[in-house]
**Q** 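Let me begin by handing over the structure; questions about it come next.
These numbers come from a predicted model, not from an experiment. Here is how names work: the chains are called A, B, and so on, in the same order as the sequence lines, proteins then strands, and each is numbered from 1. Note that these values count all heavy atoms, side chains included, but never hydrogens, waters or copies made by symmetry.
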Amino acid sequence: MPAPTPEAAPMQGLVASAHQTAGPYWHLVDFPEWADTTRHFAGNLPPGERIVLTGRVTDGSGAPVADAMVEIWHADPKGEYPDPNGPAEEFQGYGRCATKADGSFRFVTLKPGPVPLGDRARANSRQAPHVALAIFARGLLQHLCTRLYFEGEALNETDPVLGAVPPERRGTLVARQVEPGTWNLDLRLQGEGETVWMAV
Amino acid sequence: MSETVPGYRRPGLLTQPPYNAPDYGSTRLRHPQQELLRLPHTLTETSAPRFSPQRYPARADLTVQADGSAAMGERIIVAGRVLDEDGRPVRNTMVEVWQANAAGRYNHPGDDHDAPLDPNFQGMGRVFTDAEGWYRFVTIRPGAYPWRNHKDAWRPNHIHYSVFGAGFAQRMITQMYFPGDPLLALDPIFHATPDEAARNRLISKFDLELTQPEWALGYRFDIVLRGREATPMEDNH
């Protein structure tokens, strides 16, 4: 049997479908309660700190982006993600929030813990606590991705993603505690102070 | 930065639309001007939220209200599979859809198109894939509508799709189009994807196999999410 050539195409040759904009009418799938990831846990919240995440999304002219869908995804306070085969009633650090007329969003969630880096060579290394952000909107043919970090975390100093960002732009990823338990990070799609957007 | 867990394959340059697409006016002030930071995939990107049908109840028939009232327009069946690039079914994943009504009007306060709303059509659906990656819903064929992007700009008939997958890096929102639509040739959103084959895969196929006799025509629309990278070679030494 002839050996396969190194150039052999992937087995099925399928190519990921093209993204398209969510458009201005995505609110048909907006469910405001999704902005609170703790909503399923009345008196039995998993241990951890309940926090509020806020921010404003603005465009290249500084105008508010009033029609964006903001999504968050993050680990639980222990730094763990739910087991794909575990009970669906586990805490899920997923939320969705529509921006308001002033471009603002607001989530209620639990502060994530440090997530393992997953690097064999550095088995005990952990990423700084962070939240994945995805922004969908009219004018975004694909969603924009970035991460939110928390100011003052010791692990921020060694986090490989933060470390790959030029120091002068790192601040666009680091939320500040504006009042106890409330963390704010503004997002700039374009121009001065543009958020460090990530190719995920 | 060293790579960590095996992540997802990166998209081919021309198979995805760019952020900056001058023919689509809304991209002008919304596309990043700085180069994107390439993010290595970690557990954050390779894990994804789970949506249980108990907490996220399915709504697979958009055409009938709870009281039995029926929406106006041409009823259609839309079904397909959600697969990854290796052809593996993406199981138990949530698929959300939303769309305009038969007259080309969204049930949305921001839509001021002079076309009638249908009190019996909200235009929102939610279904889950089965063990083979299949999903299916029943809806009304959406109408075209004008959108002011350029002279005589009308969006081709389309249904919006939101899919999660098994890793947050697979998250995607796209649109399903209909075969033979003359507006496709003129649509800058459809044409933003440079690769012709890639954009044509967003056009559903008319499918008699999905058609239910004497009741509704069927359309097939498959969605492919990113596949996993090969596991890094182990060093034996």
**Q** Could you check which of B:Gly110, B:Ala169, B:Ser162 has the highest count of heavy-atom pairs closer than 4.5 Å to chain A?
**A** B:Gly110
**Q** Determine, stepwise, if the pair A:Asp186 / A:Arg188 fulfils side-chain contact (heavy atoms from CB on, under 4.5 Å).
**A** CA-CA 7 Å; A:Asp186 293 337; A:Arg188 183 78 187 249; over 6 Å; no
**Q** Quick one: which of B:Thr15, B:Asp195, B:Leu202 has the most heavy-atom pairs under 4.5 Å with chain A, could you say?
**A** B:Leu202
**Q** What residue in A:Pro84, A:Cys145, A:Ala132 has the most heavy-atom pairs under 4.5 Å with chain B?
**A** A:Pro84
**Q** I'd like to know which of B:Gln54, B:Met124, B:His158, B:Gln170 tops the heavy-atom pair count under 4.5 Å against chain A.
**A** B:Met124
**Q** Check for me whether B:Arg55 meets the cation-pi criterion with A:Tyr94, that is, NZ or CZ under 6.0 Å from the six-membered ring centre and within 45 degrees of the ring axis.
**A** no
**Q** So for A:Ala22, is it side chain, backbone, both, or neither that comes closer than 4.5 Å to the heavy atoms of chain B?
**A** both
**Q** Going by the angle between their ring planes, with limits at 30° and 60°, are B:Tyr177 and B:Phe190 parallel, tilted or perpendicular?
**A** perpendicular
**Q** Can you tell which part of A:Pro87 gets under 4.5 Å to a heavy atom of chain B, answering side chain, backbone, both or neither?
**A** backbone
**Q** Under 4.0 Å between a side-chain nitrogen and a carboxylate oxygen: does that hold for B:Arg226 and B:Glu45?
**A** no
**Q** Quick check for you: among A:Leu140, A:Leu144, A:Val196, which has the greatest number of heavy-atom pairs under 4.5 Å with chain B?
**A** A:Leu144
**Q** For B:Pro11, which atoms come within 4.5 Å of any heavy atom of chain A: side chain, backbone, both, or neither?
**A** neither
**Q** Got a salt bridge between A:Glu71 and A:Arg96, using NZ or NE/NH1/NH2 to carboxylate O under 4.0 Å?
**A** yes
**Q** Under 4.5 Å heavy-atom distance to chain B, tell me which part of A:Asn85 shows up: side chain, backbone, both or neither.
**A** backbone
**Q** Is the closest side-chain donor-acceptor distance between B:Tyr24 and A:Arg138 under 3.5 Å?
**A** no
**Q** Side chain, backbone, both or neither: which part of A:Asp159 has a non-hydrogen atom closer than 4.5 Å to chain B?
**A** neither
**Q** CZ of B:Arg28: more than 12 outside heavy atoms within 6.0 angstrom?
**A** no
**Q** Looking at B:Phe51 versus B:Phe128, is the centre-to-centre ring distance below 6.0 Å?
**A** no
**Q** Taking B:Arg171 for its side chain and B:Val163 for its backbone only, find out whether a donor-acceptor pair lies under 3.5 Å.
**A** yes
**Q** With a sphere of 6.0 Å drawn around CD of A:Glu192, does it hold more than 12 non-hydrogen atoms of other residues, nucleotides or ligands?
**A** no
**Q** With no hydrogens and no angle check, do the side chains of A:Gln190 and B:Tyr19 hold a donor and an acceptor under 3.5 Å apart?
**A** no
**Q** Just so I understand: if I count every heavy-atom pair under 4.5 Å between each of B:Thr46, B:Asp111, B:Thr44 and chain A, which residue has the most?
**A** B:Thr44
**Q** Pick from B:Gly25, B:Ala48, B:Pro18: which one has the most heavy-atom pairs with chain A under 4.5 Å?
**A** B:Ala48
**Q** Below 4.5 Å from any heavy atom of chain B, which atoms of A:Glu89 appear? Answer side chain, backbone, both or neither.
**A** both
**Q** Heavy-atom distance under 4.5 Å to chain B: side chain of A:Val15, backbone, both or neither?
**A** both
**Q** Would you mind telling me which of A:Trp197, A:Trp73, A:Tyr81 has the largest number of heavy-atom pairs within less than 4.5 Å of chain B?
**A** A:Trp73
**Q** Under a 4.5 Å cutoff for heavy-atom pairs, which residue among A:Trp34, A:Tyr25, A:Trp26, A:Phe136 has the most contacts with chain B?
**A** A:Tyr25
**Q** Counting only heavy atoms closer than 4.5 Å, note whether A:Val65 contacts chain B via side chain, backbone, both or neither.
**A** both
**Q** Need one label for A:Val29: side chain, backbone, both or neither, based on atoms under 4.5 Å from any heavy atom in chain B.
**A** both
**Q** What part of A:His130 gets within 4.5 angstrom of chain B, counting heavy atoms only: side chain, backbone, both, or neither?
**A** side chain
**Q** Of the listed residues (A:Gly60, A:Ala63, A:Ala16), which shares the most heavy-atom pairs with chain B below a 4.5 Å separation?
**A** A:Ala16
**Q** What part of A:Gln142 is in contact with chain B, defined as an atom under 4.5 angstrom from a non-hydrogen atom: side chain, backbone, both or neither?
**A** both
**Q** Ring centroid separation for A:Trp183 and A:Phe150, is it under 6.0 angstrom?
**A** yes
**Q** Both conditions, 6.0 Å and 45 degrees, for the charged tip of B:Arg81 above the ring of B:Tyr135: are they met here?
**A** no
**Q** Quick one: sort the B:Phe178 and B:Tyr219 rings into parallel, tilted or perpendicular, breaks at 30° and 60°.
**A** perpendicular
**Q** If you count heavy-atom pairs under 4.5 Å between each of B:Ile173, B:Thr27, B:Asp84 and chain A, which one has the most?
**A** B:Ile173
**Q** With a 4.5 angstrom heavy-atom cut-off, which part of A:Arg147 approaches chain B: side chain, backbone, both or neither?
**A** side chain
